[in-house]
Chemist: 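Here's a structure for you.
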Amino acid sequence: MAKGSWGLLRRHQRRRLLRRGAPRRQAAPLGRGRQKAEPGAGGGGDALREFAASFVAAGLVTEPKEEERPAGEALVAAEAHEGRAAVLLPRGTGLTFAGKCWLSCLLGSVRVLGFCLGPEQPPCRLFSPRSHCPLTIQAAPGEEEEEEEALSERDRRAQARAALRAHRVPQEARCKLMKRFTPQCSIVLLEHLDAPVTRFILSYAAFSHVFRVKRQKAPSFTPEDAVLASTGIGKLEPERGLLMSESTISAVEELIQACQEEEDGCPIILVCGPKSVGKSTFNRYLINLLLNRIPCIDFLECDLGQPEFTPPGCVSLVNVTEPLLGPPFTHQRRPRKMVYFGETSCEHDTERYMDTLKYVFSAYKRDVPLVVNTMGWVKGAGLLLLVDLIRLLSPSHIVQISAEDFKDMPRLSTEYIYEAAGLHTRGQATLKSKRLRKRIEDAEQPRSSNREFHLLHPGHRLLCVQPQFQGAGAAGNMCTHSNTLRDMAVLGYLGQLQPPEAESVLPLHSLVPYQVPFNAVALRVIHTDVAPAHILCAVNASWVGLCHTLEEIPSQTDGPVVLMQTPICDCLGFAIVRGVDMEKKLYYLLTPVAPENLRLVNCLLIGNISIPHCVFLNQVGIEGEIPYVTSEYNYDISGAGKLKVKKHLKRRGHSQP
């Protein structure tokens, strides 16, 4: 029945064209764009270019003479046509930047957030916004370093010239680079990047600054700054980039070795720690390093508030085959398996959260290494829930990241996990024998395994990591508030609605939605109880999960189909409910999910994830009254203002008797 109803939707989709003869809307991935201007002042790249041009026009940027150049200059940049720059990086130096660009390695090898890029690899997109730790393009020795060093300087210079000519770098720029060239240098080509997703996000005033470089009080531009600005990036101080502590480097090296050898099967690496200690950055760095050596990694997302590949409120399993060279809103993708939990925290429904994890984890085939991301809730009940999660997943390695002064999280050794009580599981108060205790201690030693012990207790290798960056573990020192990051993830998902061929941003209200009959899908509000008579008010203008449940959907013609319980089922994507037609009994959905996947959808789940306010308030092209927004509101009424959260009050469950 539901399949036939979605068949009606497919016939309607044939007529689903944009206004004024615009191209058909497709759920296309980010594509490499040519030099298109960013909309308005929010592009970041245009602002940088205008800023650089003003200094050039004023004569404040001059090319220093060769003898005036400082010794050991980090890089040399030369403009290679509009929106392109060739950069010479001596080995061991790097370019830390803010902005976005295409990166192609012409000669040598470079590393960005752990991922190595050489001349034989395709260009990569780099996204380095102000909301996250800036990226650094680091010159690094290539895999064929010995062969390269065997070449004479003359041969290396010939290779450099040939690579620059092949990419149509002008002669003047080639001469500038070759004056400073040494055989140990790497040469990269940076190009202006115009992606539909970031173009869509930057069209909102609240996020138009995300790729801009903060102007200094006394700016001092160099020729390199002006050239880099033409590509849409701005150079930053190296100390603002990723800082790797000794414990981080040691942990990463051991994990890479374990993933390559796979002596006891594919490793399961669980990364945990409190908020704002760099778990997500550590995961991206580790994944990029592993992708240098193995073709793919599986990633289990257990963090509902700040997921890596999906909008908030999801538990998912993703197969990663491409490097992660940007924050989550730049690489939203469809997971192998995903469940829409509907909340940014599982605090009020931990049992359903654990059942959801079991359901998603069951899709892991154990044929590739698995990286598990966890929540930053590690106090009180959060710590007990983490113990349950460790027992469920049985990781081979646990990476515990914590700030130096953080004392609320114990050391998650094998012995602690064995003895401690979880929220839904029981622990052993004491070990049964000294022999078993000895086996546990042996399992904690590096490069040690005891098969007899693993039969009794899984055990794991604990790797303790202390971050080096300033403000680690202090949630108040975050670059961007967590709510803002969640809004950017939702906008990143909605950005997939933008046609890659469009020269400007198409507002969401100009896109023609899908029509879905009432009896084709069932409705369920996850986070609260809603009377069936009010269910259509709850679903209208809301963010919904497009799900497929195996439960039988009852057929009703007089009204919407409502589920009495929240199912744990596959989520195929998300949509905005643009409207509800009571006469025709239709839902109007706006989604980037492909039509062949929409045929499987038979359930709409409404959670506690809201559409960003800017989508309602700042859509371009709206004239007159804004839909779904009221201007006649009396804030003088008691209770009409914003709810004030009193964080100093203890929860009843954690109060002292």
Side-chain angles (χ1 to χ4, degrees), residues 32-35 45 48-49 52 56 61 63-66 69 72-97 99-112 115-126 135-145 147-193 222-235 325:
R32 183 176 182 181
R34 304 313 300 167
Q35 287 72 31
L48 280 170
R49 285 192 291 275
V56 175
V61 177
E63 183 73 24
K65 298 179 181 180
E66 190 67 23
R69 285 184 178 271
E73 189 175 14
L75 61 88
V76 179
E79 188 171 359
H81 299 301
E82 183 180 358
R84 301 168 75 235
V87 180
L88 183 72
L89 290 171
R91 183 166 298 176
T93 62
L95 168 61
T96 303
F97 69 96
K100 52 186 175 66
C101 66
W102 284 99
L103 169 66
S104 303
C105 185
L106 308 186
L107 186 71
S109 177
V110 294
R111 184 182 293 112
V112 183
F115 184 73
C116 292
L117 187 67
E120 70 284 354
Q121 293 173 289
C124 289
R125 293 169 300 178
L126 305 185
L135 296 180
T136 300
I137 304 173
Q138 186 80 23
E143 296 181 356
E144 301 178 354
E145 180 182 3
E147 297 181 6
E148 293 176 358
E149 291 181 353
L151 294 175
S152 64
E153 181 176 354
R154 182 177 180 179
D155 293 336
R156 289 287 291 171
R157 296 181 71 88
Q159 285 184 352
R161 290 194 181 95
L164 293 172
R165 289 193 187 97
H167 288 79
R168 300 180 181 180
V169 177
Q171 181 180 3
E172 182 180 354
R174 296 200 305 266
C175 294
K176 179 180 178 181
L177 295 176
M178 296 310 297
K179 286 181 181 179
R180 305 286 295 178
F181 179 80
T182 62
Q184 291 75 31
C185 287
S186 297
I187 300 178
V188 297
L189 184 67
L190 306 180
E191 299 179 75
H192 177 64
L193 171 60
T222 66
E224 278 67 30
D225 294 323
V227 172
L228 295 174
S230 67
T231 68
I233 68 173
K235 187 170 61 174
L325 304 177

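Just so you know, residue 1 is the first one in the sequence shown, and it goes up from there.
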Chemist: Just how far is it from atom CG of Leu325 to atom CZ of Phe115, taken to the nearest 0.5 Å?
Modeler: 7.0 Å
Chemist: Within this structure, what is the CD1-CG distance for the pair Ile187 and Leu177, rounded to the nearest 0.5 Å?
Modeler: 6.0 Å
Chemist: What is the minimum heavy-atom distance between Pro223 and Lys176, and which atoms define it?
Modeler: CB-NZ, 4.4 Å
Chemist: Should Phe181 and Leu107 count as side-chain neighbours, where that means a heavy-atom distance under 4.5 Å?
Modeler: yes
Chemist: First locate atom SG of Cys116, then atom CD of Gln138, and finally report the distance between them rounded to the nearest 0.5 Å.
Modeler: 10.5 Å
Chemist: Is there a side-chain contact between Val87 and Leu228 (heavy atoms, below 4.5 Å)?
Modeler: yes
Chemist: Hey, what do you get for CZ (Arg157) to SG (Cys185), rounding to the nearest 0.5 Å?
Modeler: 9.5 Å
Chemist: May I ask you to decide if Ser109's main-chain N or O and Ser186's side chain share a donor-acceptor pair within less than 3.5 Å?
Modeler: yes
Chemist: I need the single residue from Val110, Leu88, Leu106, Val112 that forms a side chain to side chain contact (heavy atoms under 4.5 Å, CB included) with Val188. Which is it?
Modeler: Val110
Chemist: If you compare all heavy atoms of Pro90 against all heavy atoms of Ala139, which two are closest, and at what distance to 0.1 Å?
Modeler: O-CB, 3.3 Å
Chemist: Considering only heavy atoms from C-beta outward, does the side chain of Cys105 approach that of Gln121 to under 4.5 Å?
Modeler: no
Chemist: Please report the shortest heavy-atom distance between Leu189 and Ala80, naming the atom on each side.
Modeler: CD1-CB, 4.4 Å
Chemist: Looking at Glu153 and Pro183, what are the two nearest heavy atoms and their distance?
Modeler: CG-CG, 3.6 Å
Chemist: Do Arg174 and Gln171 have side-chain atoms, one donor and one acceptor, less than 3.5 Å apart?
Modeler: no
Chemist: With side chains defined as the heavy atoms from C-beta onward, is the minimum distance between Ile233 and Leu95 less than 4.5 Å?
Modeler: yes
Chemist: List the atom of Gly94, the atom of Leu89, and the distance in Å for their closest heavy-atom pair.
Modeler: C-CD2, 4.4 Å
Chemist: Quick one: closest heavy-atom pair of Arg161 and Met178, and the distance?
Modeler: CG-CE, 4.1 Å
Chemist: Counting only heavy atoms from other residues, nucleotides and ligands, does the tally under 6.0 Å from CZ of Arg111 exceed 12?
Modeler: no
Chemist: Give the C-alpha distance, both sets of side-chain angles, the deciding distance and a yes or no for side chain to side chain contact (heavy atoms under 4.5 Å, CB included) between Lys179 and Val76.
Modeler: CA-CA 10 Å; Lys179 286 181 181 179; Val76 179; over 6 Å; no
Chemist: Kindly compute the distance separating CG (Leu117) from CG (Leu103), expressed to the nearest 0.5 Å.
Modeler: 5.0 Å
Chemist: Check whether any side-chain heavy atom of Leu75 sits under 4.5 Å from a side-chain heavy atom of Thr93, and report yes or no.
Modeler: no
Chemist: What's the spacing between His167 NE2 and Arg84 CZ if we round to 0.5 Å?
Modeler: 8.0 Å
